[in-house]
J.: 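Just dropping this structure here.
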Amino acid sequence: MNQAPSPERMVKGATRILPFERVALVLQGGGALGAYQAGVYHALHEANIGVDWLCGTSIGAINGAIIAGNPPEKRVERLRDFWETITKPPVRIPSMPWFTDLPWSGNGHARYWTGRISAFSTMLHGAPGFFSPRPLPPVNSAAESPEAVSYYDIAPLKETLARLVDFDLINDESMRFTVLATNVRSGARAYFENREQAIGPAHILASASLPPSFPPTEIDGEYFWDGGVISNSPMQFVVDNRGRHTALVFQVDLWDENGKVPLDIPSANLRALEIHSASRINVSLEEYKRRQKFRMALHRFLDELPEQCRSDPDVQFLSEQARGKVATIVQLKYQSNKFETAGKMFEFSRRAMEEHWQAGYDDTGKALGEPAVFELPDVTEAARIFDVHRGWMD
């Protein structure tokens, strides 16, 4: 039976009223590709879809902090500020209009080479407001401290976060906020959440500390790397901790596990990177759907028990476990262009940023144009999964 929207979702002013009790936004890691996530949020904002829970890792944690750390009317503006800041070229490449007129420049060849040049420039000079190269990274000798073990210094990102993010707003818990990191010593996942502790800049830096490019971040005596070292998507955490609420979940991935068999070495490198970085959540979602169906069957079974059995502690425990709620999961996955290489996560050019942002905006528009996305699944379905590029999945 369909459930009415919760009162808190009905009093948010212009926020679109949905039949779901919660809306979650899950943001994967992927460096420069993260502008796709900004485009996704831009489209959600224009559609007046409020987000109750934001969960991210790496660049997803940075985008997430900017969203959660600003009032709704400022979020897109702050995202734009961040992406325009980090895509200002540290070394301006001269305009070469003749480059696109060469005989071999068709079929994306010109864009391929400008992308490679841009990525190489970033590797040499860094990205303004994000990271800068270390003069002498500890390649052949030990550093004095773990904070120096990297090719780049992320001090510029600390300043950018201080300028663009209100951490008091994140910690007022008006939006549930979670970031994923990796404990360097134990190799265990670490989830930092504003419901459990005060979130500060260090938690965002920890989630984005991808080795060996960036150094580990120290928090309370422990060192943390990027959450992508273990899993490049925090979707599993959302599936396991969604709580007892019906939910609409927007899963935003920057790498697609589906692709073609490569025919050259650069394409092979890119394909391997995509497979390694892609979310493996589809397997978990199938298990989630099985668990949901189990809960529904258990709930029906318990309803048939005599009244005198309801007070039994074991029955009460089973009743708690049987309270599963339905969910719709919208999968938004960035689709690589033919001209992109394995260095695309380092292509912090303004042109690439605008392309990624527009792709996220357009894909989200397509998803929001599917009426069933906004319909509460039937209790017998347990969960609906919609892939914007492949339609509904059984």
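Note that these values count all heavy atoms, side chains included, but never hydrogens, waters or copies made by symmetry.
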J.: Linking I/L/V/M/F/W/Y whenever their side-chain heavy atoms sit closer than 4.5 Å, directly or via other members, would Val184 and Ile230 fall into one cluster?
T.: no

J.: Quick one: does any side-chain atom of Asn171 pair with a main-chain N or O of Ile199 as donor and acceptor, under 3.5 Å?
T.: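 Pair found, side chain donor or acceptor close to backbone of Ile199.
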
J.: Any chance you could measure Ile204, atom CD1, to Ile62, atom CD1, to the nearest 0.5 Å?
T.: 8.0 Å

J.: I need the Glu193 CD to Cys55 SG distance, nearest 0.5 Å.
T.: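 The CD atom of Glu193 sits 7.5 Å away from the SG atom of Cys55.
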
J.: Spell out, yes or no, whether Leu157 and Ile219 are grouped together once hydrophobic residues are joined by side-chain heavy atoms under 4.5 Å, including indirect joins.
T.: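 Linked, Leu157 and Ile219 end up in one cluster.
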
J.: Is a side-chain donor-acceptor pair under 3.5 Å present for Thr328 with Arg384?
T.: no

J.: Tell me which pairs pass ring pair (Phe, Tyr, Trp, His ring centres under 6.0 Å) where either residue lies in residues 146-165, with sequence neighbours left out.
T.: Phe131-Tyr152

J.: Hey, mind stepping through His389 and Gln335 against side chain to side chain contact (heavy atoms under 4.5 Å, CB included) and telling me if it holds?
T.: CA-CA 9 Å; His389 298 291; Gln335 304 295 290; 3.3 Å; yes

J.: Determine whether the side chains of Arg163 and Thr85 contain a donor N or O and an acceptor N or O closer than 3.5 Å.
T.: yes

J.: Find the distance between CG (Leu180) and CE (Met235) and round it off to the nearest 0.5 Å.
T.: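 Answer rounded to 0.5 Å: 14.0 Å.
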
J.: Does the Asp256 side chain pair with the main chain of Lys333, one donor and one acceptor, at a distance under 3.5 Å?
T.: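 Pair absent, no side-chain N/O of Asp256 close to backbone of Lys333.
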
J.: Apply salt bridge (charged side-chain N to carboxylate O under 4.0 Å, His left out) to Arg134 and list each qualifying residue two or more places apart in sequence or on a separate chain.
T.: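 With sequence neighbours excluded, Arg134 shows a salt bridge (charged side-chain N to carboxylate O under 4.0 Å, His left out) to no residue whatsoever.
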
J.: Which pairs with one or both residues in residues 176-206 pass ring pair (Phe, Tyr, Trp, His ring centres under 6.0 Å), sequence neighbours excluded?
T.: Tyr191-Phe237, Phe192-His203, Phe192-Phe224

J.: Does a side chain donor of either Gln331 or Asp253 reach within less than 3.5 Å of an acceptor in the other side chain?
T.: no

J.: Quick one: do Phe120 and Phe346 end up in the same hydrophobic cluster if we chain Ile, Leu, Val, Met, Phe, Trp and Tyr together by side-chain heavy atoms under 4.5 Å apart?
T.: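 No: no chain of side-chain contacts under 4.5 Å links Phe120 to Phe346.
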
J.: With a 4.5 Å heavy-atom cut-off, do Asp312 and Leu305 have their side chains touching?
T.: no

J.: Only counting residues at least two apart or in another chain, list the ones meeting salt bridge (charged side-chain N to carboxylate O under 4.0 Å, His left out) with Glu147.
T.: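 Partners of Glu147 by the salt bridge (charged side-chain N to carboxylate O under 4.0 Å, His left out) criterion come out as none, since no residue qualifies.
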
J.: Could you check whether Arg195 makes a cation-pi contact with Trp53, meaning its NZ or CZ is under 6.0 Å from the centre of the six-membered ring and within 45° of the ring axis?
T.: no

J.: Does anything in residues 210-220 pair up under side chain to side chain donor-acceptor pair (under 3.5 Å), and if so which pairs, sequence neighbours excluded?
T.: Ser209-Thr217

J.: Can Asp166 and Lys74 be counted as an ion pair, charged N to O under 4.0 angstrom?
T.: no

J.: Is it true that a side-chain atom of His356 and a backbone atom of Ala352 form a donor plus acceptor pair closer than 3.5 Å?
T.: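 Yes; at least one donor-acceptor contact below 3.5 Å.
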
J.: With sequence neighbours left out, which residue pairs that include part of residues 359-379 fulfil the ring pair (Phe, Tyr, Trp, His ring centres under 6.0 Å) condition?
T.: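 Sorted result for residues 359-379: His42-Tyr361.
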
J.: Determine the sole option in Glu347, Glu354, Glu355 for which the salt bridge (Lys or Arg N to Asp or Glu O under 4.0 Å) test with Arg351 is passed.
T.: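 For Arg351, the salt bridge (Lys or Arg N to Asp or Glu O under 4.0 Å) check succeeds only for Glu355.
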
J.: Does a sphere of radius 6.0 Å around CH2 in Trp225 hold more than 12 heavy atoms from other residues, nucleotides or ligands, not counting ones at 6.0 Å or beyond?
T.: no

J.: Please determine whether residues Leu376 and Trp392 belong to a single hydrophobic cluster, defined as Ile, Leu, Val, Met, Phe, Trp and Tyr linked transitively by side-chain heavy-atom distances below 4.5 Å.
T.: yes

J.: Can you tell me how far apart CD1 (Ile49) and OG1 (Thr364) are? Round to the nearest 0.5 Å.
T.: 9.0 Å

J.: Sub-3.5 Å donor-acceptor pair from the side chain of Trp255 to the main-chain atoms of Gly29, do we have one?
T.: yes

